[in-house]
Amino acid sequence: MLNNKKIILGITGSIAAYKAAVLLRALIREGAEAQVVMTPAAKEFIAPLTLSTLSRKAVVSEFFAGKDGTWNSHVDLGLWADAMLIAPATASTIGKMANGIADNILITAYLSCKAPVLVAPAMDLDMYAHPATQLNLQRLRSYGNIIIEPAVGELASGLVGKGRMEEPEAILAALKGHFARRSELYGKKILVTAGPTFEKIDPVRFVGNFSSGKMGFAIAEGCAERGAEVTLIAGPVSLRTSHPGIRRINVGSANEMYAAAAEHFPASDAAILCAAVADYRPATIAGEKIKREEQTEMTLHLTANPDIAASLGAMKRNDQVIAGFALETGDGIPRASAKLKRKNLDFIVLNPANESDAGFGVDTNRITIIDSDGNRRDFPLKSKQDAATDIINELISRLP
Ligand code: PMT
């Protein structure tokens, strides 16, 4: 799993720095190429010579390599790496990472790093439990960094509690697990629809809904993180996508979304249809802005939009998987199950339309997955990212 992987091993000033030598040795044994980057304080705990001997590479710890004008490029380092692992990470380094305080080369490499970052904190129990540290860790999670939780045990202070850096074997397992997850969907093409559709009434007005795109974008990001080539067909939302594995196609109306989905589905291994597609659109679109002064009342004549999920369901081959969504009020199980059958889906994700912490707009969701055999799994309230992971796990279990 780690063969030929390029890893930046960041080491900071903690007594646990001695374990970094064991970790480094294991990385090299697994076939990884490791570049050690140390903070100045780390050098008080472990000699750079030990680390450069184990990694067979000079350790980087200063911005300038010598007094002759040569310098260490943190940007090149950030682009070179397949992953950055900071172990041990002190409270100070975690705080600097969270707030972008770039006063040493480890932090500048972190800020330039395009690859995933794993962080193994090491500190005293009270420092770890302090709200400032927890808030900083929360920030790092929100940046997509993976935190390898410290263990409970004896600490350098003599106290016993949570704060001890995980053992090198556990850190190595987390790194391998990360690469394993990233390759689960390698070579798979996944189509994702997200966001609302806007159906024009006239040049300035539309019929739409409250979908923010958050759920669908989390699914697209999650699939790309796990190695898939994602085509994201996005309705009008303000969200951005940054993952290089996502190709985004922006659409406005249900008809446009349908055309894009029908074009890209045949070459896809799976589709996850999360968009809140307008079921109806105005039968005619006024060419000019409808003027209020000329019309005190207005009746909209609506006509049905294409059902994208049902159309893809009808053209689905045996080697393709389709997941749909159902947004329901009240007991949605019978209605979601009926949609699953009618649209020929492999599974459907039911989420509530009338709860303040789930469904439209918010960052969390409460989902139930129902499959075509009638099996049902309820999940607790989670972030949309974690709900996306559950949905992607279900998809992976169904892919041929
Ligand atoms: O975007 P967020 O703010 O994060 O909110 C997420 C969400 C609530 C929009 C999302 O989780 C969700 O539930 N999406 C589906 C909403 C919906 O349209 O549900 P539905 O029960 O009306 O549709 C059933 C399925 O058919 C869906 O997969 C839908 O994409 C699809 N459909 C519906 C109508 C239509 N004309 N074409 C379709 O493909």
Side-chain angles (χ1 to χ4, degrees), residues 191-199 207-222 232-239 241 251-262 264-265 270-281 302-316 321-370 372 379 381-388 390-392 394-395:
L191 177 78
V192 179
T193 66
T197 64
F198 286 178
E199 310 299 327
V207 176
N209 61 63
F210 298 110
S211 172
S212 62
K214 286 178 186 172
M215 188 68 245
F217 275 56
I219 291 169
E221 289 280 340
L232 171 64
I233 305 176
V237 293
S238 55
L239 300 179
T241 38
V251 295
S253 66
N255 267 332
E256 287 168 16
M257 187 172 276
Y258 170 73
H264 291 282
F265 182 63
I272 306 180
L273 307 173
C274 184
V277 186
D279 284 311
Y280 300 96
R281 66 177 183 278
L302 300 176
T303 186
N305 269 328
D307 188 322
I308 302 169
S311 307
L312 301 192
M315 62 168 88
K316 185 174 69 156
V321 177
I322 304 184
F325 269 75
L327 182 66
E328 307 288 350
T329 52
D331 176 16
I333 303 285
R335 279 189 298 276
S337 305
K339 280 180 188 172
L340 169 84
K341 281 203 175 61
R342 194 172 67 245
K343 301 187 187 213
N344 192 27
L345 308 175
D346 294 276
F347 68 94
I348 197 158
V349 181
L350 169 65
N351 53 178
N354 56 346
E355 291 177 19
S356 59
D357 53 5
F360 276 144
V362 289
D363 292 332
T364 48
N365 209 356
R366 187 180 290 100
I367 62 166
T368 296
I369 294 182
I370 307 167
S372 48
F379 294 84
L381 186 74
K382 293 184 177 189
S383 68
K384 282 188 172 165
Q385 280 70 24
D386 289 345
D390 294 329
I391 295 163
I392 297 164
E394 183 71 30
L395 181 80

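Heavy atoms only: backbone and side chains are in, while hydrogens, waters and symmetry mates are out. For ligands, and for the atoms within them, numbers begin at 1 and follow the listed sequence. Positions are given from 1 along the sequence.
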Practice task
In sequence, state the C-alpha distance, the side-chain angles, and the governing distance for Ile308 and Leu312, and then conclude on side chain to side chain contact (heavy atoms under 4.5 Å, CB included).
Solution key: CA-CA 6 Å; Ile308 302 169; Leu312 301 192; 4.3 Å; yes

Completion exercise
Within 4.0 Å of some non-hydrogen atom of Leu273, the atoms of ligand 1 are 27 (C), 28 (O), 30 (O)

Exercise for the section: Run the numbers for me: atoms of ligand 1, each under 4.0 Å from some heavy atom of Asp279, listed by number. Expected result: 34 (C), 35 (C), 36 (N)

Exercise for the section: Measure from atom 33 (C) of ligand 1 to every heavy atom in Lys384, Lys343, Arg281 and give the option owning the shortest one. Expected result: Lys343

Problem - Closest approach of any protein heavy atom to atom 35 (C) of ligand 1, naming residue and atom - result: Val277 CB, 3.5 Å

Practice task
Evaluate the side-chain proximity of Asp386 to Phe379: yes if any heavy-atom separation is below 4.5 Å, no if none is.
Solution key: no

Problem - Thr197 (side chain) donor-acceptor with Ala278 (main chain) under 3.5 angstrom - result: yes

Handout entry: Per-atom contacts of ligand 1 with Gly324, taking only distances under 4.0 Å to non-hydrogen atoms
Key = 28 (O)

Practice task
Starting from atom 19 (O) of ligand 1, locate the nearest protein heavy atom and write down its residue, its atom name and how far away it is, to 0.1 Å.
Solution key: Leu327 N, 3.6 Å

Problem - Lys384 and Asp363, any side-chain heavy atoms less than 4.5 Å apart - result: no

Exercise for the section: Report yes if Met215 has an N/O atom closer than 3.5 Å to an N/O atom of ligand 1; otherwise report no. Expected result: yes

Practice task
Using distance alone, decide if ligand 1 has a nitrogen or oxygen within less than 3.5 Å of any nitrogen or oxygen in Phe325.
Solution key: yes

Problem - Minimum side-chain heavy-atom gap Val192-Phe217 below 4.5 Å - result: no

Practice task
Please determine if Gly361 has a nitrogen or oxygen closer than 3.5 Å to a nitrogen or oxygen of ligand 1.
Solution key: yes

Exercise for the section: Run the contact test for Gly195 against ligand 1 with a 4.0 Å cut-off on heavy atoms, strictly below, and give the result. Expected result: no

Exercise for the section: Look at ligand 1 and say whether Ala194 reaches it with a heavy atom at a distance under 4.0 Å. Expected result: no

Problem - Side-chain donor or acceptor of Ser372 paired with backbone N/O of Phe347 under 3.5 Å - result: no

Handout entry: Side-chain donor/acceptor of Asp279 to backbone N/O of Asn305, under 3.5 Å
Key = no

Exercise for the section: Among all protein heavy atoms, pick the one closest to atom 2 (P) of ligand 1 and tell me residue, atom and distance. Expected result: Ser212 OG, 3.3 Å

Exercise for the section: Do me a favour and list the nearest non-hydrogen protein atom to atom 29 (C) of ligand 1 with residue, atom name and distance? Expected result: Ala275 O, 3.4 Å

Problem - Min side-chain heavy-atom separation Arg281-Asn255 under 4.5 Å - result: yes

Exercise for the section: Could you tell me whether a side-chain N or O of Glu328 sits under 3.5 Å from a main-chain N or O of Leu350, the two making a donor and an acceptor? Expected result: no

Practice task
Please determine if Thr193 has a nitrogen or oxygen closer than 3.5 Å to a nitrogen or oxygen of ligand 1.
Solution key: no

Problem - ligand 1 atoms in contact with Pro306 (distance to a heavy atom under 4.0 Å) - result: 35 (C), 36 (N), 37 (N)

Problem - Heteroatom distance test (Ile308, ligand 1): nitrogen or oxygen, under 3.5 angstrom - result: yes

Practice task
With atom 31 (C) of ligand 1 as the reference point, say which of Ala254, Ala309, Cys274 has the nearest heavy atom.
Solution key: Ala309

Exercise for the section: For Thr364 and Asp357, indicate whether the former's side chain and the latter's backbone hold a donor-acceptor pair under 3.5 Å. Expected result: yes

Practice task
In plain terms, say whether Lys316 and Asp346 are close enough for a salt bridge, that is, a side-chain N and a carboxylate O under 4.0 Å apart.
Solution key: yes

Problem - Atom pair NE2 (His264) and OG1 (Thr193), whose distance is rounded to the nearest 0.5 Å - result: 13.0 Å

Practice task
Pull out every atom of ligand 1 sitting under 4.0 Å from any heavy atom of Gly359, numbered as shown with elements.
Solution key: 5 (O), 8 (C)

Exercise for the section: Return the residue, atom name and 0.1 Å-rounded distance of the protein heavy atom closest to atom 7 (C) of ligand 1. Expected result: Asn351 OD1, 4.2 Å

Practice task
Provide the number and element of each atom of ligand 1 under 4.0 Å from a heavy atom of Lys214.
Solution key: 1 (O), 2 (P), 4 (O)

Practice task
Run the numbers for me: atoms of ligand 1, each under 4.0 Å from some heavy atom of Gly213, listed by number.
Solution key: 1 (O), 2 (P), 3 (O)

Problem - For Ala326, the ligand 1 atoms whose distance to one of its heavy atoms is below 4.0 Å - result: 21 (O)

Practice task
Look only at interatomic distance and state if Lys339 has a nitrogen or oxygen under 3.5 Å from any nitrogen or oxygen of ligand 1.
Solution key: yes

Exercise for the section: Check whether more than 12 heavy atoms from other residues, nucleotides or ligands sit under 6.0 Å from atom OH of Tyr258, and answer yes or no. Expected result: no

Fill in the blank from the handout: The closest protein heavy-atom partner of atom 18 (O) of ligand 1 is Ala276 CA, 3.5 Å

Practice task
Determine the minimum heavy-atom distance between Asn209 and Pro196, stating which atoms define it.
Solution key: OD1-CB, 3.2 Å

